[in-house]
Number of protein chains: 2
Amino acid sequence: MIGKRKPTHPGEVLSEDVIKPLGLTVTEAAKRLRVSRKTLSALLNGRASLSPEMAVRIAKATNTSPESWLYMQAKLDLWIAAKKSPKVQDLKAIAV
Amino acid sequence: MIGKRKPTHPGEVLSEDVIKPLGLTVTEAAKRLRVSRKTLSALLNGRASLSPEMAVRIAKATNTSPESWLYMQAKLDLWIAAKKSPKVQDLKAIAV
DNA sequence: AAACTTGTAACGTTACGCGTAACATGATAG
DNA sequence: CTATCATGTTACGCGTAACGTTACAAGTTT
């Protein structure tokens with residue numbers, strides 16, 4: 001199919017475009033988001049996915065839309081899922 | 001916050017807009033998608049989420065975009081996550 | 001009646017989100 | 001130099017979720 005480039009991990013965007021510009025430490029940001037430092041660290045380092053709840057937290061704490069965050073993750077998930085190229089048959093096909 | 005109405009479950013859309021119109025049985029659709037009948041049944045009845053891999057399968061089998069399917073799930077996940085109203089502090093806040 | 005469809009329960013595997021506790025390292029403050 | 005802080009990471013545990021196979025009851029079709 002479409003061999004695009006791997007989408008950017010949302011954690012990287014959160015780190016580069018939000019936390020770093022604001023001069024926040026991971027520890028402080030985690031406190032404000034009310035999640036463990038471990039959880040935020042894993043997300044920022046691309047070792048964890050951005051969950052729907054985390055999207056809501058980040059959106060609230062940055063006045064952005066939760067969709068913008070979760071869709072980034074969705075794009076990445078789809079890219080990974082597409083790489084597996086699951087075999088399927090057309091649902092509109094008449095026969096096998 | 002925004003008290004919208006609960007987004008439609010993607011499984012319902014798949015059932016109403018694709019499988020039923022095509023006159024497909026759950027059993028036949030599951031075979032074509034190469035997933036177990038149980039898995040598809042759960043999705044169609046809203047008892048399971050639409051996974052990224054399932055989005056790719058459905059997209060391939062119906063010539064639609066995987067995003068259109070996964071975003072429906074994302075919207076629903078966000079609506080559920082927002083209901084929990086997690087407490088957070090503004091990341092741009094100067095003090096506590 | 002025989003064949004098919006469907007929902008669902010039981011059981012198991014694999015994966016992941018999140019938390020606490022803890023440790024080693026590197027950087028900063030005094 | 002030393003005490004404090006920030007960070008990444010590992011070890012455990014807990015709960016949830018996606019998926020598969022097997023199997024059964026109930027309803028539908030042929």
Side-chain angles (χ1 to χ4, degrees), chain A residues 9-12 14-16 18-20 22-61 66 69-70 72-74 76-78 80-88 91 96, chain B residues 9-12 14-16 18-20 22-59 61 66 69-70 72-74 76-88 91 96:
Chain A
H9 189 288
E12 193 186 318
L14 177 62
S15 179
E16 300 299 326
V18 179
I19 297 185
K20 286 186 179 177
L22 291 175
L24 285 172
T25 64
V26 175
T27 303
E28 180 59 29
K31 283 181 186 170
R32 298 194 184 184
L33 290 173
R34 299 272 195 279
V35 294
S36 75
R37 183 170 64 81
K38 185 205 177 208
T39 295
L40 182 59
S41 173
L43 173 61
L44 296 178
N45 290 292
R47 206 160 294 99
S49 295
L50 193 149
S51 67
E53 224 203 84
M54 186 64 94
V56 171
R57 293 186 126 89
I58 297 171
K60 280 190 174 183
W69 294 99
L70 195 53
M72 276 189 252
Q73 184 64 54
L76 181 53
D77 290 341
L78 283 178
I80 294 171
K83 279 188 65 180
K84 297 178 183 172
S85 305
K87 301 289 180 283
V88 299
L91 288 188
V96 187
Chain B
H9 189 290
E12 192 186 318
L14 178 61
S15 179
E16 300 299 325
V18 180
I19 296 186
K20 286 186 179 178
L22 291 175
L24 286 171
T25 64
V26 175
T27 303
E28 180 59 30
K31 282 181 186 170
R32 298 192 183 184
L33 291 173
R34 299 273 196 277
V35 294
S36 75
R37 183 170 64 80
K38 184 201 179 212
T39 295
L40 182 58
S41 173
L43 173 62
L44 296 178
N45 289 291
R47 291 185 1 264
S49 295
L50 193 149
S51 68
E53 223 202 86
M54 187 63 95
V56 171
R57 291 184 126 88
I58 297 171
W69 294 99
L70 195 53
M72 274 190 254
Q73 184 63 55
L76 181 54
D77 290 341
L78 283 178
W79 185 84
I80 294 171
K83 278 187 65 180
K84 298 178 184 172
S85 305
K87 301 289 179 282
V88 300
L91 289 188
V96 185

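Atoms considered below: every heavy atom in the structure, side chains included; atoms not considered: hydrogens, waters and symmetry mates.
Taking CG from B:L50 and NE2 from B:H9, the interatomic distance works out to 7.5 Å, rounded to the nearest 0.5 Å.
D:dG20 atom C1' lies 15 Å from atom CG of B:L33, rounded to whole Å. Between the CG atom of B:L70 and the P atom of D:dA18 there is a distance of 12 Å, rounded to whole Å. At whole-Å resolution of the value, CG in A:N45 and P in D:dT10 are 11 Å apart. Spacing between atom NZ of A:K38 and atom P of C:dG17 amounts to 11 Å, rounded to whole angstrom units. Taking atom CZ on B:R37 and atom C1' on C:dT6, their separation rounds to 6 Å, with Å as the unit. As rounded to whole Å, 10 Å separates atom P of C:dG19 from atom CG of A:L40. A straight line from CD of B:E53 to C1' of D:dC19 spans 10 Å, rounded to a whole angstrom. Between the CG atom of B:L76 and the C1' atom of D:dA17 there is a distance of 14 Å, given to the nearest Å.
When the side-chain nitrogen and oxygen atoms of B:S49 are compared with OP1 and OP2 of D:dA17, none of them lie within a distance under 4.0 Å. The side chain of B:S36 contributes no N or O atom lying less than 4.0 Å from OP1 or OP2 of D:dC19. In terms of phosphate contacts, B:T27 brings no side-chain nitrogen or oxygen within less than 4.0 Å of OP1 or OP2 of C:dC4. Considering only side-chain N and O atoms, B:S51 lies nowhere under 4.0 angstrom from the phosphate OP1 or OP2 of D:dA17.
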